[in-house]
Amino acid sequence: MLRRALIAGNWKMHMTVEDARELAIRVAEAAKDATDRDVLIAPPFTAIGAVAAAVAESAVTVAAQNVCWEEKGAFTGEISPVMLKDQGATAAIIGHSERRQIFQENDALINQRVAGALRFGLAVVFCIGETLDERESGQTLSVLEEQIRGGLKGVAGAEMADVVIAYEPVWAIGTGKTASTEQAQEAHAFIRRLLQELYEKDVAEQARILYGGSVKPANIDELMAQPDIDGALVGGAALDAESFGRIINYK
Ligand code: PGA
């Protein structure tokens with residue numbers, strides 16, 4: 001296959017260190033036979049070190065849920081890419097819709113985070129997605145285009161090897177509503193065409209585009225059967241070892 005699948009779990013603001021360690025061990029166990037795909041988990045900052053240690057002997061890798069762009073300095077409340085790497089993280093989720101909506105992060109700020117992560121050698125899971133209003137008023141594709149152009153501004157084609165894009169329609173996150181496989185495939189194909197316009201054909205062909213928004217054991221197989229869906233970013237169902245294990249082992 002052209003692209004290696006990636007199943008990523010976003011634990012959001014859940015889990016004490018001890019609970020995180022236990023879940024991480026169970027995820028590593030569930031992932032042990034899934035050798036043809038990548039598995040990434042994103043615990044809260046406080047549990048990154050413990051989770052990285054717990055999965056160190058496995059193929060599971062660890063991401064943060066956000067990252068600052070500077071190595072150190074007067075950035076109260078932020079965590080630097082160097083600190084994350086020091087704790088064992090190899091990637092960071094950036095631009096999640098909860099960051100955009102609840103914490104007012106805009107494309108320019110997100111772009112700074114993306115550039116900073118890449119500069120210090122952290123891979124990026126760059127999230128985009130339209131709201132329900134935007135979808136209903138026919139703006140889905142133009143919103144995705146604006147978010148990609150803004151968020152990836154200045155990112156070179158060669159750096160795109162370390163960027164995964166996650167398409168997460170805001171109206172499908174945590175709501176139990178999944179985009180239909182057709183809606184998801186349409187958005188993913190559009191994103192890939194745009195990448196081809198912004199970069200080169202092989203960058204677009206190699207870019208992994210994840211779907212996120214109420215992914216669960218019941219819909220993962222169908223989603224993964226779409227030609228432009230290369231994986232999933234999973235929230236709620238990633239907090240349950242059994243559900244996430246089934247998602248990792250999609251057929
Ligand atoms: P959900 O969250 O799977 O709970 O819808 C997905 C996400 O926010 O990444």
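Not measured: the values here are computed from a predicted model. Counting convention: from 1, in listed order, for ligands and their atoms alike. In what follows, every heavy atom counts, from backbone to side chain, and hydrogens, waters and symmetry copies are set aside.
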Geometric cation-pi criterion, R193 with F190: 6.0 Å, 45°: no
Which ligand 1 atoms, with their elements, are less than 4.0 angstrom from a heavy-atom of G174? 1 (P), 4 (O), 5 (O)
Nearest non-hydrogen protein atom to atom 3 (O) of ligand 1, with distance, is G235 N, 2.8 Å
Are L109 and W69 close enough that some pair of their side-chain heavy atoms sits under 4.5 Å apart? yes
Could you give the distance from CG (L233) to CD1 (I209), rounded to the nearest 0.5 Å? 14.0 Å
State whether R4 and D230 are salt-bridged, where the test is any N-O pair (Lys NZ or Arg NE/NH1/NH2 against Asp/Glu carboxylate O) under 4.0 Å. no
Just one of R113, R100, Q112 clears the side chain to side chain donor-acceptor pair (under 3.5 Å) bar with E105, so which one? R113
Give a yes or no on whether a salt bridge exists between D240 and R26, defined as a side-chain N under 4.0 angstrom from a carboxylate O. no
Please could you name the atoms of ligand 1 that S214 approaches to less than 4.0 Å, counting only its heavy atoms? 1 (P), 3 (O), 5 (O)
For K12, atoms of ligand 1 separated by under 4.0 Å from a heavy atom: 2 (O), 7 (C), 8 (O)
Identify the residue among Q206, M160, E159 that makes a side-chain contact (heavy atoms from CB on, under 4.5 Å) with Y199. M160
Taking atom 4 (O) of ligand 1 as the reference point, the nearest protein heavy atom with its distance: G236 N, 2.8 Å
So the atoms of ligand 1 within less than 4.0 Å of a heavy atom of N10 turn out to be 9 (O)
Would you check whether H96 reaches within less than 4.0 Å of ligand 1, judged by its heavy atoms? yes
So is T175 polar-close to ligand 1, meaning N/O to N/O under 3.5 Å? no
Under a heavy-atom criterion of less than 4.0 Å, does G212 contact ligand 1? no
Which residue holds the protein heavy atom closest to atom 9 (O) of ligand 1, what is that atom called, and what is the gap in Å? E168 OE2, 2.6 Å
Within the 4.0 Å heavy-atom cut-off, what I173 brings close to ligand 1 is both
d(L210 CG, I7 CD1) to nearest 0.5 Å is 8.0 Å
Under the criterion salt bridge (charged side-chain N to carboxylate O under 4.0 Å, His left out), I'd like the reasoning laid out for D221 against R246: C-alpha separation, chi angles, the key distance, then a yes or no. CA-CA 10 Å; D221 299 341; R246 172 62 182 86; 2.5 Å; yes
What part of A172, side chain, backbone, both or neither, has a heavy atom within less than 4.0 angstrom of ligand 1? backbone
Ligand 1 atoms nearer than 4.0 angstrom to some heavy atom of G213 are 5 (O)
